[in-house]
Amino acid sequence: MEYKIKTVGVLTSGGDAPGMNAAVRAVTRAAIVNGMRVKAIFRGYKGLIDGEVQEFTTQDVSGIIQRGGTILKSARCEEFKTPEGRKKAYETLVREEIDALIVIGGDGTFTGARNLAQEYNVTVIGVPATIDNDLWGTDSTIGYDTALNTIMDCVDKLRDTGTSHERVFVVEVMGRDAGFLTLNAAIASGAEAAIIPEKATIAEQIDEALGQGRRKHKNSAIVLVQEHAIEGGANKVAEMIEQAHPDYGTRVTILGHLQRGGIPTAADRILASRLGCHAILSLLDEQRSIMIGMQNGNIAYVPLAQAIKQKKDIGTDRWNALHMLSI
Ligand code: F6P
C-alpha cells in the first residue's frame with residue numbers, strides 16, 4: 001500500500017521529560033509498522049539545522065522504554081527562533097526527504113514547529129512532553145506524572161527531618177509559569193501550603209497555612225513554592241516566614257533538575273506509547289499542525305495553534321482540597 005507520507009522525522013526538544021524515550025520508541029515502531037521510514041534528528045532543532053540525522057530501525061529503539069532523559073538528546077535552540085535558522089532546518093528536511101516532522105516537547109517546541117509549518121508548508125505533529133503539564137488540550141503531558149512522584153518522594157523525606165526538628169521546610173518546585181506540579185505535589189505529600197502563580201495573595205497564603213496550622217497543633221510545616229510564583233522563589237518565601245514568625249526554624253530546599261530525571265512511571269510510559277502511536281496514525285489520517293492530546297482517557301487531535309495559545313486552567317477544586325486538608 002502506498003502512503004503519502006513516506007518518511008517521518010522525529011526529534012525531542014526543550015526541557016527533557018521522563019517518557020520521551022517511550023514516545024520516540026512508539027513513533028519509530030508505529031511508523032515502520034505502517035510502512036514509513038524514520039529519520040531520527042539529534043539535539044532538537046539544533047540538530048535539524050545542523051543536519052544531525054540518522055535513519056532508525058526498530059532495533060534502534062530497543063531497551064529504552066524504561067530510561068529517563070532522551071536518547072535523541074535535547075537542546076534549547078535560539079537559532080531556530082530566527083527565519084534564517086528555520087530556513088536551514090527546512091533545507092535539512094528537503095535534503096533528507098522527510099515528509100512529516102514529529103516534535104516531542106512542550107510549548108516552545110510547538111511554537112517553533114508551528115512557525116516552520118506556516119513558513120514552509122511542512123507537515124508537523126506535536127507530542128506533548130514536559131514535566132510542567134502546562135499545555136492546553138491534554139489532561140497530562142509526558143513526564144508530568146514521573147516528576148510529580150519524584151517531588152512527592154523528596155517531600156516525604158523532608159517531612160521526616162522537618163517533624164524531627166520541628167522546622168518549616170520551604171521547597172521550590174519547577175513548572176515554568178504553571179503551578180500544576182506544585183499544587184498536586186502539595187496535595188499528594190500533605191503539605192501545609194502551595195504557593196503558585198495562578199493564585200495571588202502570597203503573604204496571606206503563608207499566614208493562613210503557617211499561622212493557623214502551626215499555632216493550633218502542628219510543630220512543623222511544608223510549604224511548596226512554584227519557582228516563578230514570587231521573585232526570589234523559595235528563599236524569598238522563607239525570608240517572609242522568618243520575618244512573620246521569628247520563632248520558626250526555617251530551611252529551604254530547591255529541588256531543581258532532579259525533578260526532570262528518573263525512570264518514567266507506568267502512567268508516563270503508557271501515555272507516551274499511546275500518543276506516539278497516534279502521531280503516526282494521525283498522519284495516515286492526513287492530519288497536520290496538530291498536537292496529539294489525551295482528554296478523559298481518549299486521544300484528541302488539538303490544533304497546534306490552540307495548544308500553544310490557550311492557557312490551561314488549574315481550576316479551584318484542587319486548591320480547595322489542599323486548603324481543607326492542610327489545617
Ligand atoms: O519546562 C521544563 C522546565 O524544567 C521548567 O520547569 C523549568 O523552568 C525549565 O525547564 C528549566 O529549564 P533549563 O533546564 O533550560 O534551565
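Note that these values count all heavy atoms, side chains included, but never hydrogens, waters or copies made by symmetry. For ligands, and for the atoms within them, numbers begin at 1 and follow the listed sequence.
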For the residue pair T265 / D145, report whether a side-chain donor-acceptor contact shorter than 3.5 Å exists.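 Present: a donor and an acceptor within the cut-off.
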Donor on one side chain, acceptor on other, R288 and N121, under 3.5 Å: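 The answer is yes; a qualifying pair exists.
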In the protein, what heavy atom is nearest to atom 15 (O) of ligand 1, and what distance, to one decimal place, separates them?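 Checking every protein heavy atom, the shortest distance to atom 15 (O) of ligand 1 gives R76 NE, 2.7 Å.
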Protein contact of atom 1 (O) of ligand 1 - nearest heavy atom, named by residue and atom, plus distance: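 Here the nearest protein heavy atom works out to D132 OD2, 2.7 Å.
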SB check E231 K236 (cutoff 4.0 Å):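 Result for this pair is no, no salt bridge flagged.
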Salt bridge E192-R159, side-chain N to carboxylate O under 4.0 Å: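 Salt bridge: yes.
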Angle between ring planes, F180 versus Y144, binned at 30° and 60°: parallel, tilted or perpendicular?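 F180 vs Y144 ring planes: perpendicular.
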Hey, can you tell me if H245 and Y248 have their rings parallel, tilted or perpendicular (30° and 60° cut-offs)?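 Rings of H245 and Y248: parallel, as their planes differ by under 30°.
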Test of proximity, H228 against ligand 1: N or O pairs below 3.5 Å: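 Among all N and O atoms of H228, none is under 3.5 Å from an N or O of ligand 1.
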Out of all atoms in ligand 1, which are within 4.0 Å of some heavy atom of [X]? Include the element for each.
{"X": "H257", "result": "13 (P), 14 (O), 16 (O)"}
{"X": "G175", "result": "6 (O)"}
{"X": "R260", "result": "3 (C), 4 (O), 9 (C), 10 (O), 11 (C), 12 (O), 13 (P), 14 (O)"}

I need the contact type for E227 against ligand 1. Using non-hydrogen atoms and a strict under-4.0 Å cut-off, is it side chain, backbone, both or neither?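 For E227, the contact with ligand 1 is made by the side chain alone.
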